[in-house]
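A short write-up of the structure that comes next.
Chain A is the first sequence line, chain B the second, and so forth, proteins listed ahead of strands; every chain is numbered from 1. Model, not experiment: these values are computed from the prediction.
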2 protein chains.
Amino acid sequence: MPPKPTRSNDLQSLTDIDKLVHEPARLMILAYLYVVESADFIFLIRQTDLTWGNLSAHISKLEAAGYVEVTKEFVGKKPHTMLSLTAEGRAAFRTYRQNMKRVLDDLPD
Amino acid sequence: MPPKPTRSNDLQSLTDIDKLVHEPARLMILAYLYVVESADFIFLIRQTDLTWGNLSAHISKLEAAGYVEVTKEFVGKKPHTMLSLTAEGRAAFRTYRQNMKRVLDDLPD
DNA sequence: GTAAACTACTTTGTGATACAAAGTACATTA
DNA sequence: TAATGTACTTTGTATCACAAAGTAGTTTAC
């Protein structure tokens, strides 16, 4: 589960930020999954500009955290990997987004 | 200088994000300096909940990048470290904030 | 028909980084 | 004058992101 914020002011909430979501590569992946609901590996490769190894590793990490569900199937004779957000992943992304927006919005200029 | 974004869509701009700013501890530090214009080490320790070593290391990194200026002086007989954002640091923070807000805003829900 | 190239990934190695613990150099208090 | 406190910095370690290499199969070229 995502870390629980226990801080009073906005900036200190960064202390409790969910690093799993915060990492730019994974933030990209999660944001895509957040809007499209389900995507395959190839789609994410194209959208994110990550390498195969890199994307694979990040997916594994998100899967281990229970943030994404990975479904492997065969399309014809080729393997095909489908990704989708779990309820937990969706919640974690929402929380991250809220916190981050609050931090960035509550500043002058 | 902060990395230049060269991407077309919003989410891909995360590929070029300035990691020096992105790190939560430093983001906190920069945000404080962004609003107060100048602060001492002790103030930041209290506000950020970082350890001495941790804050020290992050400050060094920000200084090396030219994002903050560090001024050491003696107050009475005690050492005193003052921090302030450089123009470059201010610009980097602004760029980061803009990019990040755009990424987080341009999503449904 | 088999060798070379391609697809769709995963695993491994390496260098960078964040963090805590220990260290330094003094000043103050008991 | 010994112990404690202040204001840091340096060092060690464990984690992590990334790229390069590896794997398992499929398609194409000759």
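- Residue A:K19 places its side chain closer to C:dC19 than to any other of D:dT27, D:dC8, C:dC19.
- How far OG1 of A:T95 is from CG of A:D16: 12.0 Å, rounded to the nearest 0.5 Å.
- Of the residues near DNA chain D, A:F74 and B:I42, the one whose nearest nucleotide (by heavy atom distance) lies more toward the 5' end is B:I42.
- In this structure, the CG atom of A:L27 is 17 Å from the C1' atom of D:dC16, given to the nearest Å.
- If you measure from atom NZ of A:K72 to atom P of D:dG25, you get 14 Å, rounded to the nearest angstrom.
- A salt bridge is defined here as a Lys NZ or Arg NE, NH1 or NH2 lying under 4.0 Å from an Asp or Glu carboxylate O, and A:E37 with A:R90 meets this definition.
- Taking the side chain of A:E23 as heavy atoms from C-beta on, and the options D:dA17, C:dT10, C:dA8, the nearest nucleotide is D:dA17.
- Of the side-chain N and O atoms in A:H80, none sit less than 4.0 angstrom from OP1 or OP2 of C:dC9.
- The side chain of B:R26 contributes an N or O atom lying less than 4.0 Å from OP1 or OP2 of C:dA18.
- Side-chain proximity of A:P79 to the nucleotides D:dT9, C:dA8, C:dA20 is greatest for C:dA8.
- At the phosphate of C:dC9, neither OP1 nor OP2 sits under 4.0 Å from any side-chain N or O atom of A:S56.
- Nearest heavy-atom pair across B:R26 and B:L20 is NE-O, 2.7 Å.
- Of the candidates C:dA20, D:dA17, C:dC9, the closest approach to any side-chain atom of A:F41 belongs to C:dC9.
- Side chains of B:H22 and B:D18: no donor on one and acceptor on the other come within 3.5 Å.
- The phosphate of C:dA20 (OP1 or OP2) has a side-chain N or O of B:T51 nearer than 4.0 angstrom.
- Atom pair A:F43:CZ and C:dA8:C1' shows a separation of 17 Å (rounding to whole Å applied).
- The nearest whole Å value for the distance from the CG atom in A:L50 to the C1' atom in C:dT10 is 15 Å.
- Taking the six-membered ring for Trp and the full ring otherwise, the centers of B:H80 and B:F74 sit at least 6.0 Å from each other.
- Put simply, A:K77 has no side-chain N or O that comes within less than 4.0 Å of OP1 or OP2 on C:dC6.
- Protein atom CH2 of B:W52 is 18 Å distant from nucleotide atom P of C:dC19, rounded to whole Å.
- Proximity of B:K61 to the phosphate of C:dA16: no side-chain N or O atom is located under 4.0 Å from OP1 or OP2.
- Neither OP1 nor OP2 of C:dA18 sits under 4.0 Å from any side-chain N or O of B:N54.
- Using a 4.5 Å cut-off on side-chain heavy atoms (C-beta onward), B:Y67 and B:F93 make no contact.
- The separation between A:E73 atom CD and C:dA8 atom P is 13 Å, rounded to whole Å.
- Proximity of B:K78 to the phosphate of C:dA25: no side-chain N or O atom is located under 4.0 Å from OP1 or OP2.
- Here the P atom of nucleotide C:dA18 and the CG atom of A:L14 are 14 Å apart, to the nearest Å.
- Nucleotide C:dT10 holds its P atom 10 Å from the CD1 atom of A:I45, rounded to whole Å.
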